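In what follows, a single structure is set out as structure tokens and then discussed.
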2 protein chains.
Amino acid sequence: MRKARVTINGEKLHTSSEILRALAHPLRMQILEFIDQNEMINVNKIYNTLNLEQSITSQHLRILRIAGLVVTERDGKFIHYAIDYSKLNNAVNAVDAFLEEE
Amino acid sequence: MRKARVTINGEKLHTSSEILRALAHPLRMQILEFIDQNEMINVNKIYNTLNLEQSITSQHLRILRIAGLVVTERDGKFIHYAIDYSKLNNAVNAVDAFLEEE
DNA sequence: CGTTTTTTTTTCATCTTTTCAAAGCTCGTA
DNA sequence: TACGAGCTTTGAAAAGATGAAAAAAAAACG
């Protein structure tokens, strides 16, 4: 019926699950989605639009940054956030590895 | 450049992140992968092959079960585990929602 | 320089997850 | 029925995540 072709090694398993863990929080998914919809956006707009505490927003952004799911670019006072789609793709692919069909 | 088409509502956000949370653990990904590679497999084989404690294996299986990522079927003494691919697909799709291109 | 705006970092209390060991089920069979 | 094999659940300790508030950093601007 099915045959898996992809075997995930220990290291990949670890990094994949780290990225997934960063994703696995409603607020972070919401923030990610908002960044996704707005291309390049600064922190102020994120927490004002989503009605979140400023400091909580910053902390969740930090987790997303560490996981590599978002990248930042400073523009004067502002820090613009954007999604690193290649990283996000990696997470999807890691999960997809379970679904590979023969 | 990009335009997101999918807006995830609060409820979906929550259930998606719950499934992702279940996925986001190296051991659970390893166990899932092993089940994937073996179609229908009992607990004994899982923890013996992966060199895990029996009770830890059982607990992670429980988390996967609650998340709906695996289903069980008893066959006498044995309990066979199999992956619920539709659920796993949902998880992938949830992540994919961020990646939708115009 | 001192102040304001924007964002990050730190700190701390609380809650959740993970692990481990032991006890408890469930089924087949002697 | 009682035993063993297979699996789950429980309870306690350690580790990790979360949220909220306050302090700190970085840049712009008078």
Side-chain angles (χ1 to χ4, degrees), chain A residues 10 13-32 34-35 38-83 91, chain B residues 10 13-32 34-35 38-83 91:
Chain A
L13 217 61
H14 213 267
T15 53
S16 300
S17 72
E18 265 171 14
I19 294 176
L20 286 173
R21 209 173 30 180
L23 268 173
H25 190 287
L27 244 47
R28 288 198 287 272
M29 291 188 80
Q30 208 189 339
I31 290 171
L32 262 187
F34 187 65
I35 297 174
N38 291 275
E39 198 75 18
M40 271 296 208
I41 193 138
N42 63 314
V43 182
N44 212 306
K45 280 235 172 91
I46 296 172
Y47 71 78
N48 274 316
T49 311
L50 301 179
N51 269 294
L52 305 172
E53 287 273 332
Q54 178 271 327
S55 123
I56 287 184
T57 308
S58 191
Q59 278 178 104
H60 284 297
L61 285 171
R62 180 173 167 276
I63 290 168
L64 293 172
R65 232 187 300 128
I66 289 170
L69 288 168
V70 293
V71 291
T72 57
E73 200 183 303
R74 184 178 270 277
D75 175 24
K77 279 203 286 199
F78 301 95
I79 293 180
H80 291 299
Y81 274 79
I83 292 182
Chain B
L13 218 60
H14 213 267
T15 52
S16 300
S17 72
E18 265 171 14
I19 294 177
L20 286 174
R21 213 173 34 188
L23 269 172
H25 191 288
L27 245 48
R28 287 197 289 273
M29 289 189 80
Q30 207 188 342
I31 291 171
L32 262 187
F34 187 66
I35 297 174
N38 293 275
E39 199 76 16
M40 269 298 208
I41 193 137
N42 63 315
V43 182
N44 213 307
K45 282 237 171 88
I46 295 172
Y47 71 78
N48 275 315
T49 311
L50 301 180
N51 269 292
L52 304 173
E53 288 270 332
Q54 178 270 326
S55 136
I56 287 186
T57 308
S58 192
Q59 279 175 102
H60 284 295
L61 285 171
R62 181 172 168 275
I63 289 168
L64 293 172
R65 231 187 303 128
I66 289 171
L69 288 167
V70 295
V71 290
T72 59
E73 200 182 303
R74 184 179 271 278
D75 175 24
K77 277 205 285 201
F78 301 93
I79 294 179
H80 291 298
Y81 274 79
I83 292 182

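When reading the values below, keep in mind they use all heavy atoms of this one structure, side chains included, and skip hydrogens, waters and symmetry mates. Treat the numbers as computed from the prediction; the structure is a model and nothing was measured.
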Within this structure, what is the [atom1]-to-[atom2] distance between [X] and [N], rounded to whole angstrom?
X      : N       : atom1 : atom2 : result
L61(B) : dC7(D)  : CG    : C1'   : 10 Å
E18(A) : dG16(D) : CD    : P     : 12 Å
I79(A) : dA26(D) : CD1   : C1'   : 8 Å
I66(A) : dA17(D) : CD1   : P     : 10 Å
L64(A) : dT8(C)  : CG    : P     : 11 Å
Y47(A) : dA20(D) : OH    : C1'   : 15 Å
R65(A) : dT7(C)  : CZ    : P     : 12 Å
L52(A) : dG19(D) : CG    : P     : 10 Å

Rounded distance (nearest 0.5 Å) linking atom [atom1] of [X] with atom [atom2] of [Y]:
X      : Y      : atom1 : atom2 : result
H14(B) : M29(A) : NE2   : CE    : 11.5 Å
T49(A) : Q30(A) : OG1   : CD    : 10.5 Å
I83(B) : I41(B) : CD1   : CD1   : 11.0 Å
I46(B) : S58(B) : CD1   : OG    : 9.5 Å

Can you find a side chain N or O atom of [X] that sits less than 4.0 Å from OP1 or OP2 on [N]?
X      : N      : answer
N42(A) : dT7(C) : yes
N44(B) : dA5(D) : no
Y81(A) : dT8(C) : yes

Cut-off 3.5 Å, no hydrogens considered: what does the side-chain donor-acceptor table look like for residues 71-80 of chain B, sequence neighbours left out?
| unit_1 | atom_1 | unit_2 | atom_2 | d |
| --- | --- | --- | --- | --- |
| R74(B) | NH1 | G76(B) | O | 3.0 |

Legend entry - Nucleotide-resolved protein contact map, nucleotides 16-24 of chain C, B/S/- at heavy-atom distance under 4.0 Å: -SSBBBB--
Inset, instruction - Compare the minimum distances between each of dT6(C), dC27(C), dT9(C) and the side chain of R74(B), then state the nucleotide with the smallest one. - result: dC27(C)
Legend entry - Nucleotide of dT6(C), dT9(C), dC7(D) approaching K77(A) most closely (side-chain heavy atoms): dT6(C)
Inset, instruction - Answer yes or no: is there a donor N or O on one side and an acceptor on the other, between the side chain of R62(A) and the main chain of T57(A), under 3.5 Å? - result: no
Legend entry - Sequence-distant partners of I56(A), side-chain contact (heavy atoms from CB on, under 4.5 Å), two or more places apart: L27(A), E53(A), H60(A)
